[in-house]
Amino acid sequence: MTERASAHTPRLPQPRGPVSAAVIEALHRPCPGAALAATAAARDDPFGEDGPLGEDPQLSLYVCYELHYRGFRGVDPGWEWDPELLRLRGVLERSFHQELLRGVAGGDDLEGELSTLLVEPKTPGGVSHFLATEGNWPQMREYFTHRSLYQLKEADPQAWVIPRLTGQAKASLVAVEYDEFGGGRGERVHAELFADLMAAAGLDAGYGHYLDNAPATTLAPVNLMSYLGLHRGRRGALVGHFAAAEISNPPNSKRMVHALERLGAAEACRHFYLEHVDADAVHEQVMRHEVLGGLLAAEPQLKQDAVFGIQATELLERRFADHLLRAWLSGGTSLRVPLSG
């Protein structure tokens, strides 16, 4: 295993509207730069006809957040904490959050939400169901391309919540993260396993390489993780989100293994999902009973936040799945920029 994925720093993407254009143009300059025209644009016209979940605002958020991960090639590190860029990010985040609130039911029925996640739908209709039964290899490669925006940074956003937890919740979440980061072995880090999968599928394994290909529906779930992770006040929602992801992963991963076997994919592709079948079956119990349970025993007032984290995750994942399935069932590509070759 080489360091190709972990050492890679992506290039700045192409803009998708006035706000992302202003942000990306600014990042080409030393920090501090001239006043960000994007701040006024975002405040005066919150993202045009597509709303907060559209291409321009979601790319703008993604670029702002990426400065807290590995950054972009040639971008001054000082931009990470530039006050004006942070003000702009705040405008984007508030609109993003309000849009999510409008799309979820809310409430404090945490057990009901968790129980729903544990029940397989009577009428299968998700992406993993489609790929397991009728998807083809080009569609599978598109799916890998979409997911690379998160999987190559897998479990990094959730790590931000560690210093905001105490006691059993902290200890158990760190145990889950330890597994996500390979249990002390670099070649077993889940992001590295996904880089191996990408290479085996004939795709570029570089971190962030496919940002220009990914539509807003792909960026939004990744942005949700970054948003919740970067804000201490969203710690309950981040733990809810993480629990939802770990609960839904084992059955989805089993279907992906079946799909890859059906399509005759390389062992490295199957290995990534086999790892998640085993690991996440354990993580689901730990996240549900020890992390969520520990957090709410210490801070019961965060129950509604945990519910929001679960519901927002499910909302954005449904939008992502709907986008892919609409494109594939119509015979088209689900990517903004189709794969070459």
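Relative ring orientation between His146 and His323 is described as perpendicular, the plane-to-plane angle rising above 60° on a 0-90° scale split at 30° and 60°. Under the 30°/60° scheme for interplanar angles, the aromatic rings of His276 and His190 are found to be tilted.
Less than 6.0 angstrom separates the ring centroid of His97 from the ring centroid of Phe308. For His68 and Trp81, the ring centers sit closer than 6.0 Å to each other.
Between Glu246 and Arg288, no side-chain nitrogen of the basic residue sits less than 4.0 Å from a carboxylate oxygen of the acidic one, so the salt-bridge criterion is not met. Ion pairing of Arg29 with Glu25 is present here, as a side-chain N (NZ or NE/NH1/NH2) and a carboxylate O approach within less than 4.0 Å. In this structure, Glu99 pairs ionically with Arg102, as a charged nitrogen and a carboxylate oxygen lie closer than 4.0 Å. Salt bridge status for Arg147 with Glu317: present, with a side-chain N to carboxylate O gap under 4.0 Å. Ion pairing between Arg262 and Glu134 fails under the 4.0 Å rule for side-chain N and carboxylate O.
In this model, no donor atom of one side chain and acceptor atom of the other lie less than 3.5 Å apart for Gln139 and Glu142. When only modelled atom types and interatomic distance are considered, Asp179 and His283 share a side-chain donor-acceptor pair under 3.5 Å. With no hydrogens or angles considered, a side-chain donor-acceptor pair links Asn252 and Ser128 at under 3.5 Å. Between the side chains of Glu113 and Gln311, a donor-acceptor pair is found at a separation under 3.5 Å.
The two atoms that bring Gly112 and Asp109 nearest to each other are N-OD1, 2.9 Å, heavy atoms only. Taking all atoms of both residues into account, the shortest heavy-atom contact from Val63 to Pro13 is CG2-CG, 3.8 Å.
In summary, of the residues considered (Tyr207, Trp160, Tyr150), a ring-ring contact (aromatic ring centres under 6.0 Å, His included) with Tyr69 occurs for Trp160 alone.
When the side chain to side chain donor-acceptor pair (under 3.5 Å) test is applied to Glu93, the partners found at least two apart in sequence or on another chain are Tyr65, Arg89, His231.
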